[in-house]
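To keep things clear, I will list the structure first and then write my remarks on it.
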Amino acid sequence: MFSDPAVAPFSLSLKDLPWWIDWDNSKCTLCGKCTAVCPVHAIELGVFRRRKVQTPLNFSAQPSQETSLYYGIRQKTDPASACIGCAMCSMVCPNDAIIPRRSDEADKLRYHVDQGGSPRNRGGRRNVSESLLDRIKFIRISMLTDPALDAGRHEFELKTLLGRVLPPEENFRRMKEREWIPPIREIYPLIIGSMSFGALSPNMWEGLQLGVAYLNEELKMPVRICTGEGGCPPRLLRSRFLKYVILQIASGYFGWDEIIHAIPHMKEDPCAVEIKYGQGAKPGDGGLLMWYKVNKLISAIRGVPMGVSLPSPPTHQTKYSIEESVAKMIQSMSMAWGFRVPVYPKISGTSTAAAVLNNLSRNPYASGLSIDGEDGGTGAAYNVSMNHMGHPIASNLRDCYLNLVKIGRQNEIPLFAGGGIGKNGNLAANAAALIMLGASGVQIGKYIMQAAAGCVGSESDRCNICNIGRCPKGITSQDPRLYRRLDVDLVARRVVDVYLSFDTELKKIVAPLGRSTTLPIGMSDALGINDPAVAERLDIKYVV
Amino acid sequence: MCRLFAITSETPLSPMRALEALDVMREGHDGSGVGLFMRDLGGPFEYMKEAPILSGIFTETGIKRLDDFMMEIGFLTKYRLSIHISEAPPPGIPQRDVYLIRAYDYPKSWNRLSAREKYARLLILRLELQEMGMAENDMIVFSFWPDVIMIKEIGDPLSVAEHLQIDRAEIQAGVIMAQGRQNTNYAIDLYACHPFFLEGYSTMTNGENTAFVPIKEYLISREFHGYRGYQSDSEVFTHILHYTIAKLGLEIECYKHIVTPLKDEDIDVHPDAVLLKHLKHTCRRLIIDGPNCVIGSLPDHSLFMVQDSKKLRPGVVGGRPGVFAFSSEICGLDAVIPDRDRSKDFQPMHLDTAIVGPDRQEVKICSQTQPLPLFH
């Protein structure tokens with residue numbers, strides 16, 4: 001480098017970067033593992049010059065200098081190679097000689113990531129770590145007037161219903177007249193939400209499916225997993241395990257050619273069909289699988305060419321109105337399986353959710369509504385969509401639920417909530433809060449990636465490169481060199497761990513509230529928060 | 001925990017019998033209130049079974065407003081039992097002007113109406129009177145129904161009975177339900193006192209209803225004007241009973257299947273599995289979580305008792321042909337029907353509904369695992 005280099009407007013120093021590599025020369029063995037593992041090539045072998053000046057104490061000798069070289073790790077400062085803080089370098093270092101540290105002020109990189117005029121695109125969630133759900137407390141503890149239950153010894157019925165539940169009068173009438181009664185699934189209220197084959201690596205997908213199958217077959221927990229928009233491997237479509245799977249169809253219809261052709265060969269009906277109209281991470285935007293990840297396998301399953309980006313349109317292009325896109329599509333999908341499979345839409349949190357719900361309530365085939373709040377995660381989206389678009393889940397869900405209560409249909413159309421559940425690790429507490437606000441169940445994505453596969457992404461903008469296929473844990477990569485890092489069986493084991501511990505924690509919440517025979521959906525008298533405005537907005541108690 | 005006592009007898013009894021039973025169980029209630037429900041009436045009311053009877057507490061101005069209101073509609077007093085209290089009440093019982101039990105003749109214009117239409121109008125009138133009373137604080141109306149009397153008051157049950165001179169020939173009934181209240185609220189609202197009544201169905205409960213809010217919301221959203229009130233979390237038990245029988249057309253045996261459905265694995269092996277599964281799904285919002293013991297009375301003069309499915313409150317039924325009683329404690333039974341075969345006393349458990357029918361000959365026990373009679 002010149003001693004007086006030309007400084008471009010976008011020249012960055014280490015100080016300008018969000019993550020600094022802290023490298024300890026005295027510990028480093030120069031093994032090179034850190035530079036090899038770095039997913040963004042933020043560090044490289046550096047050759048450093050060191051000059052030593054020796055000045056003798058007596059005047060007879062002349063001062064001298066000695067120049068030497070040493071080798072080490074150099075952090076790059078160009079925006080394309082900025083450290084993402086994933087800390088894989090630290091993980092592979094045999095001597096703990098290297099670790100990324102967060103810079104001490106807001107970075108300047110954010111002003112320069114749009115090189116070439118392309119705004120930042122990333123994976124992960126909204127980069128805000130606070131969570132309203134974490135602040136909700138469970139305050140109606142059964143004391144003396146009614147004894148609390150024993151979470152460890154009592155029996156609990158924590159299942160929920162997915163499907164259109166008719167009013168009792170209408171249900172009995174149809175039973176007598178032998179008319180069609182909408183299908184209902186009894187499922188566990190914690191659903192693994194839609195993450196596509198393509199967004200996730202084959203190993204991750206297989207690990208999740210394996211864990212879900214084990215939970216169902218061995219532990220009798222009716223856990224369900226949604227495919228996301230990316231189709232479904234043909235063998236799974238033709239297996240008995242399909243009943244644990246919710247098939248998602250979205251505006252790109254990826255993989256649906258394969259699914260439709262597999263229908264005659266299906267041994268079991270799928271659990272349900274989810275029609276995705278939106279997602280919380282990028283509301284009003286379509287799905288996106290970037291070209292890096294569209295390899296031979298993915299292109300075969302999705303029925304698309306290799307190596308091209310796959311942006312789904314923001315809306316279903318063949319539909320031009322809510323009547324078209326909701327009513328007809330739900331009816332068509334129901335018909336495809338002989339009206340034996342619940343079909344429900346998934347939307348992103350929005351102030352228009354109640355209007356969608358009102359429409360659904362008049363559609364006899366609509367089996368529920370899934371709402372994904374602003375804190376939902378994604379494999380790829382524009383940073384601006386993730387950070388600034390969308391509606392918080394709590395009030396959106398609550399409004400919808402109270403709307404159903406008002407029209408007396410709270411038992412008919414189950415609401416499922418997603419987006420930021422367990423964002424700070426409080427999975428059961430967040431899920432229980434949403435259930436008591438009115439959700440019939442919750443959907444998680446990011447949490448299961450973090451807990452079951454060790455995803456290192458966070459809301460302090462750590463890693464978050466799911467979009468480019470270089471996931472250092474192999475969770476969201478289609479590169480076999482990366483995803484072979486992920487042990488399928490260990491992922492499955494962790495899925496089971498997560499569900500078992502969630503189950504215990506959920507019981508630890510509902511038992512002291514005196515509830516065990518049914519999931520306490522809408523039990524809002526149990527909830528409190530130390531913010532009067534929030535309490536009023538959610539119609540729960542204000543407690544200090 | 002409140003104490004409950006209900007009795008059904010071929011020969012009409014004084015409600016004092018039930019209150020004596022409550023007094024025996026007084027360790028279990030704090031004397032903060034008493035509620036009485038009576039039907040299949042004896043005394044003068046025996047000869048006016050079809051006449052709607054209004055029960056309530058009124059101020060002097062309330063009575064005047066009531067008279068104006070009823071005359072306007074065309075109701076004429078057929079029989080009046082006004083308890084005017086001249087002396088000051090004993091400590092713990094509030095001063096009231098009039099405790100009213102009044103039977104009416106229907107307005108002439110109602111003659112062409114069917115019984116069903118008449119009953120529907122009676123409910124509307126009761127609710128209207130309740131609202132009028134709440135607005136001016138001058139009337140508390142408990143029931144307005146043929147062959148039914150209800151009395152509720154704050155205070156120790158026996159003291160209330162003495163104060164109101166309940167032990168009189170005019171007040172006798174074949175079916176009596178009584179509750180001694182263990183108060184868990186600071187202010188006692190008489191509308192929060194058991195038993196509760198709606199269109200011929202009445203229940204009283206002890207324990208707490210932890211699923212109250214979702215159940216209440218569901219009932220209110222049924223858009224039936226009778227589903228309102230809910231000053232007590234136990235009022236929903238009456239309304240669920242009403243919903244089960246009057247709205248869904250099911251039998252009493254189904255009530256327990258609604259409030260405490262069987263576990264899924266038990267439903268799977270039940271002869272009526274399909275029906276029960278549908279019932280569990282469609283009536284999911286009416287599932288209770290206890291702890292509750294519910295005693296109820298049906299329009300056909302049956303009495304029944306059910307428990308929640310897990311936490312169970314004490315409850316026993318026993319008696320002899322002609323007279324049976326349901327009681328929170330055995331000592332209550334002993335006090336009122338000492339000459340019964342105690343080996344036949346039955347304490348309903350988590351699956352049972354104990355019913356004594358209008359013939360008062362036996363206690364019928366229905367287990368939830370048995371086939372439902374309605375469908376076989």
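Order of the sequence lines sets the chain letters (A, B, ...), proteins ahead of strands, with each chain counted from 1.
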Handout entry: Any side-chain heavy-atom pair of T282(B) and E412(A) under 4.5 Å
Key = no
Handout entry: Region of L519(A) that comes under 4.5 Å of a non-hydrogen atom in chain B
Key = neither
Handout entry: I521(A) side chain near R285(B) side chain, heavy-atom distance below 4.5 Å
Key = yes
Exercise for the section: Could you grab the distance from atom CG of D308(B) to atom OG1 of T517(A), nearest 0.5 Å is fine? Expected result: 8.0 Å
Handout entry: Heavy atoms of other groups near E179(A) CD, more than 12 under 6.0 Å
Key = yes
Exercise for the section: Quick one: closest heavy-atom pair of L275(B) and M175(A), and the distance? Expected result: CA-CE, 3.8 Å
Exercise for the section: Report the C-alpha separation of K310(B) and S516(A) in whole Å, then their side-chain angles, then the decisive distance to 0.1 Å, and conclude whether the side chain to side chain donor-acceptor pair (under 3.5 Å) test is met. Expected result: CA-CA 9 Å; K310(B) 186 165 289 180; S516(A) 65; 2.7 Å; yes
Exercise for the section: Evaluate the side-chain proximity of R140(A) to F212(B): yes if any heavy-atom separation is below 4.5 Å, no if none is. Expected result: no
Handout entry: D264(B) side chain reached by K159(A) side chain, heavy atoms, under 4.5 Å
Key = yes
Practice task
Evaluate the side-chain proximity of K406(A) to E217(B): yes if any heavy-atom separation is below 4.5 Å, no if none is.
Solution key: no
Problem - Region of V165(A) in contact with chain B, defined by heavy-atom distances below 4.5 Å - result: side chain
Problem - Electrostatic pair R284(B):E157(A) at N-O distance under 4.0 angstrom - result: no
Handout entry: Side chain, backbone, both or neither of E170(A) within contact of chain B (heavy atoms, under 4.5 Å)
Key = neither
Exercise for the section: Find out whether T210(B) and S142(A) are in side-chain contact, i.e. whether some heavy atom of one side chain is under 4.5 Å from a heavy atom of the other. Expected result: yes
Fill in the blank from the handout: The interface call for K280(B) against chain A, heavy-atom contacts under 4.5 Å, is side chain
Handout entry: Contacting region of I220(B) [heavy-atom separation from chain A under 4.5 Å]
Key = neither
Handout entry: Heavy-atom pair of closest approach, residues E169(A) and Y243(B)
Key = OE2-OH, 3.1 Å
Handout entry: Part of P520(A) within contact of chain B (heavy atom distance under 4.5 Å)
Key = neither
Exercise for the section: Kindly confirm or rule out a cation-pi arrangement of K247(B) over F172(A), judged by NZ or CZ under 6.0 Å from the six-membered ring centre and within 45° of its axis? Expected result: no
Handout entry: E155(A) atom CD: more than 12 heavy-atom contacts under 6.0 Å
Key = no
Practice task
Could you tell me which non-hydrogen atom of G408(A) sits nearest to which non-hydrogen atom of R222(B), and how far apart they are?
Solution key: O-NH2, 2.7 Å
Practice task
State whether the number of non-hydrogen atoms from other residues, nucleotides or ligands found under 6.0 Å of H270(B) atom NE2 is greater than 12.
Solution key: yes
Handout entry: Y214(A), OH atom: more than 12 neighbouring heavy atoms under 6.0 Å
Key = no
Handout entry: Exceeds 12 heavy-atom contacts within 6.0 angstrom, atom NZ of K243(A)
Key = yes
Problem - Greatest number of heavy atom pairs closer than 4.5 Å to chain B - which of I407(A), I181(A), I184(A), N171(A) - result: N171(A)
